[in-house]
Amino acid sequence: MKSKHLIFFAVTIFVVGVVYLAISQTIMLRKAHSTFENYYAFRDCKNLLKKTDTYGLCQLSSGQTIKLVEFRGKWYLDGDLPVCIQNICL
């Protein structure tokens with residue numbers, strides 16, 4: 001009987017951990033995509049090369065240049081936009 005309680009406790013802790021991780025990642029990603037400045041920091045940009053209302057070019061510490069683009073009021077890495085079907089974006 002004691003082992004059943006221990007297994008139940010372990011499974012409960014695991015499920016709570018997974019749910020916590022999912023919620024914290026969702027919150028972090030929503031914040032990152034919300035503004036250019038947040039996404040710039042999220043992508044670890046070190047040098048802003050150009051910025052307009054719809055895109056920005058930045059350089060990473062590795063020297064690589066990436067393009068950040070605005071899509072439906074949120075910011076993404078160019079080429080990594082969400083897939084939208086009938087106005088539902090994933």
Side-chain angles (χ1 to χ4, degrees):
M1 189 61 105
K2 192 173 187 177
S3 65
K4 287 184 181 182
H5 289 293
L6 187 59
I7 291 171
F8 176 76
F9 180 73
V11 169
T12 301
I13 293 296
F14 177 77
V15 169
V16 168
V18 169
V19 169
Y20 173 79
L21 183 62
I23 291 171
S24 65
Q25 289 294 303
T26 300
I27 291 169
M28 186 232 354
L29 286 173
R30 283 187 182 192
K31 181 181 178 189
H33 289 288
S34 66
T35 67
F36 177 81
E37 291 75 17
N38 288 349
Y39 201 64
Y40 179 91
F42 175 74
R43 284 292 173 179
D44 203 27
C45 292
K46 299 298 180 195
N47 187 22
L48 180 61
L49 304 174
K50 182 176 183 177
K51 182 181 182 303
T52 70
D53 290 341
T54 58
Y55 78 94
L57 297 174
C58 74
Q59 191 172 37
L60 305 176
S61 57
S62 67
Q64 179 185 5
T65 299
I66 60 173
K67 185 176 183 180
L68 311 177
V69 295
E70 186 271 333
F71 177 73
R72 295 187 174 195
K74 295 182 180 181
W75 289 89
Y76 298 92
L77 182 64
D78 189 31
D80 194 23
L81 299 176
V83 175
C84 297
I85 299 171
Q86 295 183 3
N87 289 331
I88 299 172
C89 299
L90 305 173

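In this text the structure is predicted, and so the values were computed from the model without any measurement.
The environment of I88 atom CD1 is sparse: at most 12 non-hydrogen atoms of other residues, nucleotides or ligands sit within 6.0 angstrom. In this structure, K31 places its NZ atom where only 12 or fewer heavy-atom neighbours from other residues, nucleotides or ligands lie under 6.0 Å away.
Using a 4.5 Å cut-off between side-chain heavy atoms of Ile, Leu, Val, Met, Phe, Trp and Tyr, Y40 falls into a hydrophobic cluster with M28, L29, F36, Y39, F42, L48, L60, I66, L68, W75, L77.
Under the 4.5 Å side-chain heavy-atom criterion for Ile, Leu, Val, Met, Phe, Trp and Tyr, V19 and I27 are members of the same hydrophobic cluster. Under a hydrophobic-cluster definition in which Ile, Leu, Val, Met, Phe, Trp and Tyr are linked whenever side-chain heavy atoms come within less than 4.5 Å, directly or via other members, I7 and V15 are assigned to the same cluster.
The two residues C84 and R72 come nearest to each other via the heavy atoms SG-NH1, 4.0 Å.
Every pair passing disulfide bond (SG atoms under 2.5 Å apart) that includes a residue from residues 37-74 is listed here, sequence neighbours excluded: C45-C58.
With rounding to the nearest 0.5 Å, the separation of CG in D53 from CD in E70 is 9.0 Å.
For the pair L6 and K2, the minimum side-chain heavy-atom distance is 4.5 Å or more.
For the side-chain hydrogen bond (donor to acceptor under 3.5 Å, both in side chains) test, residues two or more places apart in sequence or in another chain that qualify with K50 are Y55.
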